[in-house]
Amino acid sequence: MSGTLLRLACTAAIAAQVALSPLPALAAPEPQRPVAELLTDLQQLYRQTEQATETYNATAEKLTAQRAEVKRLDGELAKARLALKGSQSDAGRLAREQYQNSSNFSVYVRVLLARDPQQALDEGHVIGRVAGERAATLDRLTGAEKHADALAKSARKALDTQLTLAEKQKKQRDDVTKRLSDVERMLASLTPQQRGEVSQLEQDGVAEAQRRLTDSGALGADDRPASAEGGQAVRFALDQIGKPYRWGAVGPASFDCSGLTSRAWARAGTPIPRTSQEQWARLPHVPLNSLRPGDLVIYFPEATHVALYLGGGKVVQAPRTGENIKVSPLAANPVLGAVRPDAAPRRL
């Protein structure tokens with residue numbers, strides 16, 4: 001058999017063998033997850049991110065206060081050291097005078113030996129006064145040394161606290177960044193159709209929650225006017241509509257949820273705590289059926305989100321990463337309660 005015929009025969013045999021071999025099974029396509037499950041996971045990621053953000057914000061507030069305390073103590077320590085230097089100079093001067101005018105004779109002996117006892121007594125009074133001044137100078141020196149030493153210890157401790165807070169803040173910033181990356185990865189994994197379905201399902205859920213809240217009568221009559229301060233806070237918040245949410249931001253170009261509410265009330269002349277958790281803990285609580293424009297609505301059991309009430313069952317809020325400040329139904333998130341910044345202080 002020629003070489004050409006041999007090659008043709010081999011090729012035909014191989015082709016027949018391949019044709020008779022079973023084909024490998026194709027991998028079954030991964031089933032799409034239900035839209036409701038995707039929405040639940042996404043909302044959980046958003047909630048965890050906002051909780052981490054509020055924790056970061058609280059540490060940032062503490063760090064700012066601690067830096068101010070370190071600066072104050074450093075200023076006091078500088079003054080104390082100047083006072084100590086002055087006291088040391090006075091003590092040195094008195095030591096030199098005592099050395100130059102030293103005498104082993106007591107005032108009593110000088111009176112006995114003096115030709116003019118009255119003059120000796122007068123000199124004794126002067127000597128006694130000088131001795132008193134020396135004692136006072138030494139007391140000032142001792143007190144200044146103790147004060148400077150105490151301030152130095154306090155300053156070192158305050159600085160250590162500042163460094164600890166700075167390290168804690170860095171870790172919390174990294175935690176927020178990681179959680180934001182998780183959100184971004186999940187959103188990137190969704191098809192455009194899935195993203196649309198998730199968004200629609202979320203809107204439907206908010207609308208249903210708002211209907212239930214309204215039908216329950218929990219909001220009560222909605223004819224309560226805003227206070228003067230509350231009206232100012234509302235106007236400020238409405239002026240920010242369209243600006244982006246950015247975690248840790250307090251304006252003017254962007255805000256996070258509590259950054260918006262705290263800045264709005266600060267503009268109204270009523271400073272309030274920076275974070276939603278502190279706003280819930282420290283401001284007077286009001287029932288939902290007593291809401292008036294300007295009150296703050298707090299969300300989630302951990303008080304990790306906040307919005308400003310507008311009236312008519314609406315709030316203005318900085319929602320979350322990727323969204324802009326907007327007007328939303330009050331029930332856009334699970335409601336924890338409400339607080340009123342310009343009410344009488346709450347007793348804790």
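Fair warning: this is a prediction, and the values are worked out from it, not measured in the lab.
Between Leu201 and Ala36, the closest heavy-atom pair is CD2-CA, 3.5 Å. The heavy-atom pair separating Ala268 from Ala233 by the smallest distance is CB-N, 3.9 Å. Closest non-hydrogen pair, Pro329 versus Val315, comes out as O-CG2, 3.9 Å. The minimum heavy-atom distance between Glu50 and Thr304, with the atom names listed, is CG-O, 3.1 Å. Of all the heavy atoms in Gln194 and Ser189, the pair that sits closest is OE1-O, 4.1 Å. What you find for Ile325 and Ala237 is that their closest heavy atoms are CG2-O, 4.5 Å.
A donor and an acceptor atom, one from each side chain of Asp342 and Ser227, are located under 3.5 Å apart. Side chains of Gln172 and Thr59: a donor-acceptor N/O pair is present below 3.5 angstrom, by distance only.
Counting heavy atoms from C-beta outward, Gln203 and Ser199 have side chains that approach closer than 4.5 Å. Contact check for Trp280 versus Glu302: no side-chain heavy atoms found under the 4.5 Å cut-off. Here the side chains of Leu45 and Gln48 are in contact, with some heavy-atom distance below 4.5 Å. For the pair Asn324 and Pro244, the minimum side-chain heavy-atom distance is below 4.5 Å.
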- Task: Report the C-alpha separation of Ser328 and Gln317 in whole Å, then their side-chain angles, then the decisive distance to 0.1 Å, and conclude whether the side chain to side chain donor-acceptor pair (under 3.5 Å) test is met.
- Result: CA-CA 7 Å; Ser328 306; Gln317 63 165 335; 2.9 Å; yes

- Decide yes or no on side chain to side chain contact (heavy atoms under 4.5 Å, CB included) for Glu202 and Val198, but give the supporting numbers first. CA-CA 6 Å; Glu202 185 174 34; Val198 166; 5.5 Å; no

- Pair Leu42-Leu187, side chain to side chain contact (heavy atoms under 4.5 Å, CB included): steps then yes or no: CA-CA 8 Å; Leu42 189 57; Leu187 288 173; 3.8 Å; yes

- Task: List the steps and the verdict of side chain to side chain contact (heavy atoms under 4.5 Å, CB included) for Thr275 and Thr55.
- Result: CA-CA 8 Å; Thr275 69; Thr55 301; over 6 Å; no

- Message: side chain to side chain contact (heavy atoms under 4.5 Å, CB included) for Gln169 and Tyr56? Distances and angles first, verdict last.
- Response: CA-CA 6 Å; Gln169 184 192 42; Tyr56 169 89; 3.4 Å; yes

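A donor-acceptor contact shorter than 3.5 Å links the side chain of Arg224 to the backbone of Ser290. In this structure a side-chain-to-backbone donor-acceptor pair under 3.5 Å is present from Gln210 to Leu330. Side-chain N or O atoms of Asp41 include none that pairs as donor or acceptor with a backbone N or O of Leu38 at under 3.5 Å.
To the nearest 0.5 Å, atoms CG (Leu163) and CG (Leu159) are separated by 4.5 Å. Here Leu151 contributes atom CG and Leu73 contributes atom CG; the two are 6.5 Å apart, rounded to the nearest 0.5 Å. The CG atom of Leu238 sits 9.0 Å away from atom CD of Gln240, with the distance rounded to the nearest 0.5 Å. Note that CG of Leu291 is 11.0 Å distant from CG of Leu310, once rounded to the nearest 0.5 Å. Interatomic distance, Thr321 OG1 to Trp247 CH2, rounded to the nearest 0.5 Å: 9.5 Å. Atom OH of Tyr309 and atom CG of Leu219 lie 5.5 Å apart (nearest 0.5 Å).
Using cut-offs of 30° and 60° on the angle between ring planes, the pair Tyr299 and His305 is tilted.
The cluster map of Ile, Leu, Val, Met, Phe, Trp and Tyr, joined by side-chain heavy atoms under 4.5 Å apart, puts Phe300 and Val339 in different clusters. Val316 and Ile298 fall within a single hydrophobic cluster, where Ile, Leu, Val, Met, Phe, Trp and Tyr side chains are chained together by heavy-atom contacts under 4.5 Å. No path of Ile, Leu, Val, Met, Phe, Trp and Tyr side chains, each step under 4.5 Å between heavy atoms, connects Leu308 with Val297, placing them in separate hydrophobic clusters. In the hydrophobic clustering of this structure, Met186 groups with Leu39; members are Ile, Leu, Val, Met, Phe, Trp, Tyr whose side-chain heavy atoms approach within less than 4.5 Å, directly or through other members. By the rule that hydrophobic residues join a cluster once side-chain heavy atoms approach within less than 4.5 Å of another member, Leu296 and Leu288 end up as members of separate clusters.
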Donor-acceptor contacts, no H, no angles, side chain residues 253-266, under 3.5 Å, sequence neighbours left out:
| from | atom 1 | to | atom 2 | distance (Å) |
| --- | --- | --- | --- | --- |
| Ser254 | OG | Arg246 | NE | 3.2 |
| Asp256 | OD1 | Gly259 | N | 2.7 |
| Asp256 | OD1 | Arg274 | NH1 | 3.3 |
| Asp256 | OD1 | Arg274 | NH2 | 3.4 |
| Asp256 | OD2 | Asn57 | ND2 | 2.9 |
| Asp256 | OD2 | Gly248 | N | 2.9 |
| Asp256 | OD2 | Arg274 | NH2 | 3.1 |
| Ser258 | OG | Glu54 | OE1 | 3.1 |
| Ser258 | OG | Glu54 | OE2 | 3.0 |
| Ser258 | OG | Arg274 | O | 3.1 |
| Ser258 | OG | Arg274 | NH1 | 2.7 |
| Thr261 | OG1 | Ser258 | O | 3.2 |
| Thr261 | OG1 | Gln279 | OE1 | 3.4 |
| Thr261 | OG1 | Gln279 | NE2 | 3.3 |
| Ser262 | OG | Ser258 | O | 2.7 |
| Ser262 | OG | Gly259 | O | 3.3 |
| Arg263 | NH1 | Val250 | O | 3.4 |
| Arg263 | NH2 | Val250 | O | 3.2 |
| Trp265 | NE1 | Gly294 | O | 3.0 |

Check: residues 60-68 side-chain donor-acceptor pairs under 3.5 Å, at least two apart:
| from | atom 1 | to | atom 2 | distance (Å) |
| --- | --- | --- | --- | --- |
| Thr64 | OG1 | Ala60 | O | 3.0 |
| Gln66 | NE2 | Ala158 | O | 3.1 |

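By the salt bridge (charged side-chain N to carboxylate O under 4.0 Å, His left out) test, Arg211 pairs with Glu208, sequence neighbours left out.
We find that Arg179 and Asp175 are joined by a salt bridge, their nearest charged nitrogen and carboxylate oxygen being less than 4.0 Å apart. Using a cutoff of 4.0 Å between basic side-chain nitrogens and carboxylate oxygens, Lys153 and Asp149 are scored as salt-bridged. Between Arg185 and Asp182, at least one side-chain N (NZ, or NE/NH1/NH2) sits under 4.0 Å from a carboxylate O, which counts as a salt bridge. For the pair Arg72 and Glu69, the salt-bridge criterion is met [side-chain N within less than 4.0 Å of a carboxylate O]. Asp174 has no carboxylate O lying under 4.0 Å from a charged side-chain N of Lys178, or vice versa, which leaves the two without a salt bridge.
Both the sub-6.0 Å distance and the 45° axial angle are satisfied by Arg320 relative to the ring of Tyr46.
Exactly one residue among Gln193, Gln200, Arg195 makes a side-chain hydrogen bond (donor to acceptor under 3.5 Å, both in side chains) with Glu197. That residue is Gln193.
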